[in-house]
*Asks:* 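Handing you a structure now.
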Amino acid sequence: MLYSKLLIPTLKEDPSEAEVVSHRLMLRAGMIRKLAAGIYTYLPLGLRVIKKVSDIVRQEMDRAGAQEILMPAVQPAELWVESGRWGFYGKELLRLKDRHDREFCIGPTHEEVVTDLVRREVKSYRQLPINLYQIQTKFRDEIRPRFGLMRGREFIMKDAYSFHKDEAQAEAEYWNMYETYKRIFTRFGLNFRAVEADTGNIGGKFSHEFHVLAETGEDFIASCTACEYAANIEKAAALPPAVAAKAEAMPLERVTTPGMKTVEEVSGFMGVTSADLVKTLIYSVMLDKWTAVAVLVRGDHELNEIKLQRVTGATEVVLADKATVERVTAAPSGFAGPVGLSGVKVYADHAVSAMANFITGGNEADLHLRNVNTGRDFEAPEFADIRKVMAGDPCPKCGSGKVEIHKGIEVGHVFMLGTKYSEALGCTFLDEDGSEKPMIMGCYGIGVGRTAAAAIEQNNDEFGMKWPAPIAPFGALVLPLNVKDAATMETANAIYNGLRDAGIETLMDDRDERAGFKFKDADLIGIPVRVVIGEKNLKDGNVEIKLRMSGEVQKVSKDDAVSKVLEVAVK
RNA sequence: CGGGGCGUGGCGCAGCCUGGUAGCGCACCUGCUUUGGGAGCAGGGAGUCGGAGGUUCGAAUCCUCUCGCCCCGACCA
């Protein structure tokens, strides 16, 4: 295609609204434009990337045996009432009424619709299994949309839903999708990890997330240096410490610590490390009603709220407010400790069980206690794994490797739904023995727009984007420096046509602009292969080929240019 | 939703405190020069100063309300 005919409104300056690099570069490269908060138009270059991503997803889903459908964006409230989510989903669900005052929502996900479809059309085990997917625009009224396509309100997503007659089949399909996702992300040309994830509110046996590794990622991923283990930090288990002989208990001491509330202040004051302290956190957890609990964690460790939630069986956990802390500990916040605490259940991380003669708050203003010992000074709490893993911890799976922490962007998620929706919506089938059973469901999502954004987060430099070839908007860019020079254009056209004939999607920068101007745009847009045709090189019959990703430049004969590009480019 | 900030030609901003001619850079149009890393000169077009109300002889500027957007915290592909 000709650059001069395409709408590619690049910006020299950074738009003030963009914070993260992918958002900034997509705006600057003229790939997207914002219509409203979290709602974007895809311009030609942006759409091309979206299509590349979707095409790969589509090919691999089809290959894996899934079938593509397209469901409505607007969904009737009745289905959501039936599944129980109309009242549950909250403000994130964009609701609207039609002219007859009937309630609808704009679909943030399609479990209800697909389950409704399948319950109507599939009645026999003979019709199972089935896996239906779509690539579609969804809407979630995010609390705070940000980062462009990374967290929009309207976004393009591939969502798939599988239906099975039994657990074994469903599980097999889960792993089929897992492998399919690995193929998909590999084909994208992105550095990614499949990680074990918390199943969250949805429940179920397994859940894996697929993360594109990038420094700007919002999620933390724990992985092992030795084995295959990788998990979202929300989920990653921390092994209990090896039981070592404990030091002899020393006499309890009261230490005045005026105004010292943080672990750093107290450990610094006492001349010890933060690992010699035990933090006492007061949490409010939602059981039948909001209840205060105390949580003990080694001073250098961090509490994992998801684990706490699981251990306490609460539906919600939140750090207690000042008033609650003062009521529970009878002291200003910052001086909580397990000694003398009463009326609240106490949980402690496994690491605390291995400690002796540690330091805690004294439940009194400006007081800490030294040489505290579990069992002697306070009743043994319930020990559990409630801390976040840290880099350097032993791997919870193999035990021999060490945990390392990476940042990732969640671009895909697979999980077993079980019978939650099939039971709620009566999606049943008749089994071989004539009995009626709910189908076992799985669901599998990939954020298409987010994948494009994540690709940029992972591959960029100060000049612009560096697209991995499989999802680049074009395979190659032909850049004649002087479009008024007949010889230049003759060569440029020959190469352009040659590449097109060879099946490479090629962009020709035919604009009558200065060289520097065109180079800047080329770097910004980040097309993987650039062929520059300039008068100087052309005198020797040469053109220049430059790879955006590596920066590698080579001079080749103009007659070899097409075949050379074919060597380095991926169609 | 809580906290912070911003709305001024297409983009990035100044002007506001201390009311009085709407300004700068980029982009755009015309001409000449220039032509391997976002050119130079000259000329030109383009702004309900987010919106509504108020104070005032006079409001981008002060006051009230309102809408939109961005950033920081609790949710998620």
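In what follows, chains are A, B, ... by sequence order, proteins preceding strands, each numbered from 1. Predicted model only: the values in this text are computed from it and were never measured.
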*Asks:* Any strand is fair game: report the nucleotide pairing with C26(B) by Watson-Crick or G-U wobble, both distances under 3.5 Å, or none.
*Replies:* G10(B)
*Asks:* Do Glu535(A) and Asn482(A) have side-chain N/O donor and acceptor atoms under 3.5 Å apart?
*Replies:* yes
*Asks:* Need to verify one output field. Residue with the more 5' nearest nucleotide on RNA chain B, Thr10(A) or His413(A)?
*Replies:* Thr10(A)
*Asks:* Which nucleotide in the set A77(B), G36(B), A39(B) lies at the smallest distance from any side-chain heavy atom of Glu544(A)?
*Replies:* G36(B)
*Asks:* Check the distance between C71(B)'s C1' and Arg24(A)'s CZ and give it to me in whole angstrom.
*Replies:* 15 Å
*Asks:* From the list G37(B), C69(B), G38(B), which nucleotide is the closest neighbour of the side chain of Lys546(A)?
*Replies:* G37(B)
*Asks:* Mind telling me whether Tyr444(A) and Tyr174(A) have parallel, tilted or perpendicular rings, with 30° and 60° as the class edges?
*Replies:* tilted
*Asks:* Send over the distance from Asp14(A) CG to G25(B) C1', rounded to a whole Å.
*Replies:* 15 Å
*Asks:* Side chain of Arg144(A) only, please: which of G37(B), G12(B), G73(B) is the nearest?
*Replies:* G73(B)
*Asks:* Choosing from G38(B), G36(B), A77(B), which nucleotide comes nearest the side chain of Asn537(A)?
*Replies:* G36(B)
*Asks:* When you compare C57(B) with G12(B), how far apart are their P atoms, in angstrom units rounded to a whole number?
*Replies:* 38 Å
*Asks:* For Asn482(A) and Lys34(A), take the nucleotide of RNA chain B holding the closest heavy atom to each; which residue's nucleotide lies nearer the 5' end?
*Replies:* Asn482(A)
*Asks:* Say we look at C29(B) and G45(B): how far apart would their P atoms be, to the nearest angstrom?
*Replies:* 15 Å
*Asks:* Tell which nucleotide pairs with G20(B), taking only Watson-Crick or G-U wobble pairs whose two distances are both under 3.5 angstrom.
*Replies:* C57(B)
*Asks:* Would you indicate which nucleotide in G12(B), G37(B), C70(B) comes nearest to any side-chain atom of Ala37(A)?
*Replies:* C70(B)
*Asks:* Say we look at G37(B) and C72(B): how far apart would their C1' atoms be, to the nearest angstrom?
*Replies:* 38 Å
*Asks:* Using only modelled atom types and a 3.5 angstrom limit, is any donor from either the side chain of Arg530(A) or the base of G36(B) paired with an acceptor on the other?
*Replies:* no
*Asks:* Which nucleotide in the list C75(B), C71(B), G37(B) gets nearest to the side chain of Lys520(A)?
*Replies:* G37(B)
*Asks:* Has Arg151(A) got a side-chain N or O lying under 4.0 Å from the OP1 or OP2 atom of C76(B)?
*Replies:* no
*Asks:* Is there a Watson-Crick or G-U wobble partner for C69(B) with both distances under 3.5 Å, and which nucleotide is it?
*Replies:* G5(B)
*Asks:* Taking only side-chain nitrogens and oxygens of Ser16(A), does any of them come within less than 4.0 Å of OP1 or OP2 of C70(B)?
*Replies:* no
*Asks:* Regarding Glu154(A) and Arg140(A), does a basic nitrogen lie under 4.0 Å from an acidic carboxylate oxygen?
*Replies:* no
*Asks:* With rounding to the closest Å, how many angstrom separate the P atoms on C6(B) and G15(B)?
*Replies:* 11 Å
*Asks:* What's the gap between U34(B) and C71(B) when it is taken at their C1' atoms, as a whole Å value?
*Replies:* 43 Å
*Asks:* Take atom P in C28(B) and the same atom in G53(B), then report the distance between them in whole Å.
*Replies:* 38 Å
*Asks:* For Ser22(A) and Glu457(A), does a side-chain donor sit closer than 3.5 Å to a side-chain acceptor?
*Replies:* yes
*Asks:* With respect to the side chain of Glu13(A), which nucleotide from G36(B), G73(B), G12(B) is positioned closest?
*Replies:* G12(B)
*Asks:* Can you tell me how far P of C11(B) sits from NE2 of His23(A), to the nearest Å?
*Replies:* 14 Å
*Asks:* Considering only side-chain heavy atoms of Ile143(A), which listed nucleotide, G12(B), A74(B), A77(B), is closest?
*Replies:* A74(B)
*Asks:* Centroid distance below 5.5 Å plus an interplanar angle below 30 degrees: do Phe519(A) and G38(B) meet both conditions?
*Replies:* no
*Asks:* Would you say Met286(A) has more than 12 foreign heavy atoms packed within less than 6.0 Å of its CE?
*Replies:* yes
*Asks:* Between G68(B) atom C1' and Leu35(A) atom CG, what is the distance in whole Å?
*Replies:* 12 Å
*Asks:* Nearest to the side chain of Glu17(A) - C70(B), G36(B), A77(B)?
*Replies:* C70(B)
*Asks:* Go through G73(B), C26(B), A77(B) for me and flag the one nearest to the Arg146(A) side chain.
*Replies:* G73(B)
*Asks:* Rounded to the nearest 0.5 Å, what separates atom NZ in Lys564(A) from atom CD1 in Ile495(A)?
*Replies:* 14.0 Å
*Asks:* Determine whether the aromatic ring centres of Phe415(A) and Phe206(A) lie less than 6.0 Å apart.
*Replies:* no
*Asks:* Step through it carefully: locate the ring centre of Tyr178(A), locate the ring centre of Tyr181(A), and say whether they are under 6.0 Å apart.
*Replies:* no
*Asks:* Which base sits across from C41(B) as a Watson-Crick or G-U pair, both distances under 3.5 Å?
*Replies:* G31(B)
*Asks:* Rounded to the Å, how far apart are Phe185(A) CZ and A77(B) P?
*Replies:* 12 Å
*Asks:* Reckon Thr109(A) has a side-chain N or O less than 4.0 Å from the OP1 or OP2 of A77(B)?
*Replies:* no
*Asks:* Sticking with atom P, work out how far U33(B) lies from C24(B), rounded to a whole angstrom.
*Replies:* 28 Å
*Asks:* With C1' as the reference atom in both, quote the distance from A74(B) to A27(B) in angstrom, rounded to an integer.
*Replies:* 41 Å
*Asks:* Round to a whole Å and report the spacing from CD of Glu234(A) to C1' of C76(B).
*Replies:* 10 Å
